[in-house]
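As structure tokens, the structure follows; a few thoughts come after it.
These numbers come from the heavy atoms of this one structure, side chains and all, not from hydrogens, waters or symmetry mates.
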Amino acid sequence: MIIIATVVIIDQALKIWVKCNFALYEDLRITDWFILRFVENNGMAFGMEWGPKVFLTWFRIIAVGVMIYYLFKLRTNEKVPAGYVACISLIAAGALGNVIDCIAYGLIFNESTPVSVAQIFPPGGGYESIFHGRVVDMFYFPLFTWPDWVPLLGGSEFFQPVFNFADACLSVSVIVLVCFYSKYLVAEEKKNENAHSDAANPQNHDS
């Protein structure tokens, strides 16, 4: 729970700072390859769009609830690697960070535009209803531009998505989970299948 709380606090502090100090699409160049660029999106991580907004928000809420429940179950299993628990915690924290935007930001901020900075708790109310807030993104890494001779990619930037701290935590933890804990994931799945099988066939215990 400490990991989840820490990630959510850092993520929300960054988003509120950007939302209250940047106009929409405004840039702050840190280096040639690292830029803070304020954008908002209605979709999944890295600005991807998938399905209606309300469906996305409820999907995130349910997913976060399932992962937190799973983490509580893991606390009673001393055989679970600490790294595995940390990865699940980071995935839950990343999802929760973006859920907060979707649930609350439409209520507590007014509209951000390319010529105006949003205000928190504005007198006139927020820019949207509950569950319809937009996710705040700010990290942009234009590492290099593909040479013109590269088919399809020539002249475009290598990495175009703008993302936030929650996205980064979620994505990195998924990669680590797949690379280092895939065997444990398979073992957990088989254990759950066996438990369901035993529950469905109680006579197996009597044989």
Side-chain angles (χ1 to χ4, degrees), residues 3-51 53 56-57 59-60 63-64 67 83-84 86-106 109 111-118 120 133-182:
I3 292 175
I4 294 177
T6 301
V7 169
V8 169
I9 289 170
I10 294 172
D11 178 64
Q12 289 300 309
L14 282 168
K15 288 173 176 175
I16 292 171
W17 176 71
V18 167
K19 182 79 173 169
C20 293
N21 290 276
F22 285 61
L24 193 62
Y25 309 124
E26 182 179 351
D27 286 354
L28 175 61
R29 183 174 294 273
I30 309 300
T31 69
D32 288 340
W33 52 268
F34 176 27
I35 298 171
L36 293 181
R37 171 173 293 176
F38 172 34
V39 300
E40 293 180 308
N41 72 79
N42 288 318
M44 305 289 283
F46 300 102
M48 294 183 290
E49 298 285 342
W50 180 54
K53 176 67 180 179
L56 283 174
T57 301
F59 175 81
R60 291 187 180 111
V64 170
M67 283 185 285
Y84 178 80
C87 285
I88 299 298
S89 298
L90 286 170
I91 293 171
L96 180 58
N98 288 332
V99 163
I100 293 172
D101 296 28
C102 296
I103 294 174
Y105 276 27
F109 289 107
E111 191 80 23
S112 293
T113 74
V115 295
S116 64
V117 176
I120 191 168
R134 294 189 286 272
V135 176
V136 173
D137 294 326
M138 77 289 293
F139 294 134
Y140 176 45
F141 291 92
L143 299 178
F144 64 86
T145 301
W146 291 102
D148 291 336
W149 52 265
V150 177
L152 301 178
L153 300 174
S156 63
E157 293 169 348
F158 168 70
F159 189 74
Q160 299 183 20
V162 183
F163 59 97
N164 57 48
F165 187 71
D167 294 334
C169 290
L170 193 155
S171 301
V172 170
S173 57
V174 168
I175 293 171
V176 172
L177 197 65
V178 171
C179 290
F180 297 100
Y181 297 103
S182 56

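Taking 4.5 Å as the limit, every side-chain heavy atom of Val136 sits out of range of all side-chain heavy atoms of Phe109. Using a 4.5 Å heavy-atom threshold, the side chains of Ile88 and Leu177 count as touching. Contact check for Tyr105 versus Ile16: side-chain heavy atoms found under the 4.5 Å cut-off.
Nearest heavy atoms, Asp27 versus Phe22: C-CE2, 4.4 Å. Of all heavy-atom pairs spanning Ala95 and Val64, the tightest one is CB-CG2, 3.5 Å. Considering all non-hydrogen atoms of both residues, Val135 and Cys102 come closest at CG2-SG, 3.8 Å. When all heavy atoms are compared, the tightest approach of Phe38 to Glu40 is CE1-CG, 3.6 Å. Closest approach of Leu170 to Ile91, counting heavy atoms only: CD1-O, 3.9 Å. Residue Cys20 comes nearest to Val117 through the heavy atom pair O-CG1, 3.1 Å, listed as atom of the first residue, atom of the second, then distance.
Listed for the Asn164 side chain is a donor-acceptor partner under 3.5 Å among the backbone atoms of Ala166.
Rounding to the nearest 0.5 Å gives a distance of 14.5 Å between CZ of Arg37 and CZ of Phe139. For the atom pair CG of Asn41 and CG of Asn98, the computed distance is 7.5 Å after rounding to the nearest 0.5 Å. Of the inter-residue distances, the one linking Lys19 atom NZ with Leu24 atom CG reads 7.5 Å to the nearest 0.5 angstrom. To the nearest 0.5 Å, atom SG of residue Cys169 and atom CD1 of residue Ile4 are 11.5 Å apart. Atom CG in Leu90 sits 5.0 Å away from atom OG in Ser173 (nearest 0.5 Å). Phe165 CZ to Ile10 CD1: the interatomic distance, rounded to the nearest 0.5 Å, is 4.5 Å.
Applying the salt bridge (Lys or Arg N to Asp or Glu O under 4.0 Å) test to Lys15 and every residue at least two apart in sequence or in another chain returns Asp11, Asp101. Taking the salt bridge (Lys or Arg N to Asp or Glu O under 4.0 Å) definition, one finds that Glu111 meets it with Arg134, sequence neighbours left out.
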Atom pairs and distances, side-chain donor-acceptor, residues 140-154, under 3.5 Å, sequence neighbours left out:
| from | atom 1 | to | atom 2 | distance (Å) |
| --- | --- | --- | --- | --- |
| Tyr140 | OH | Glu157 | OE1 | 2.1 |
| Tyr140 | OH | Glu157 | OE2 | 2.9 |

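The environment of CZ in Phe34 is crowded: more than 12 heavy-atom neighbours from other residues, nucleotides or ligands sit within 6.0 Å.
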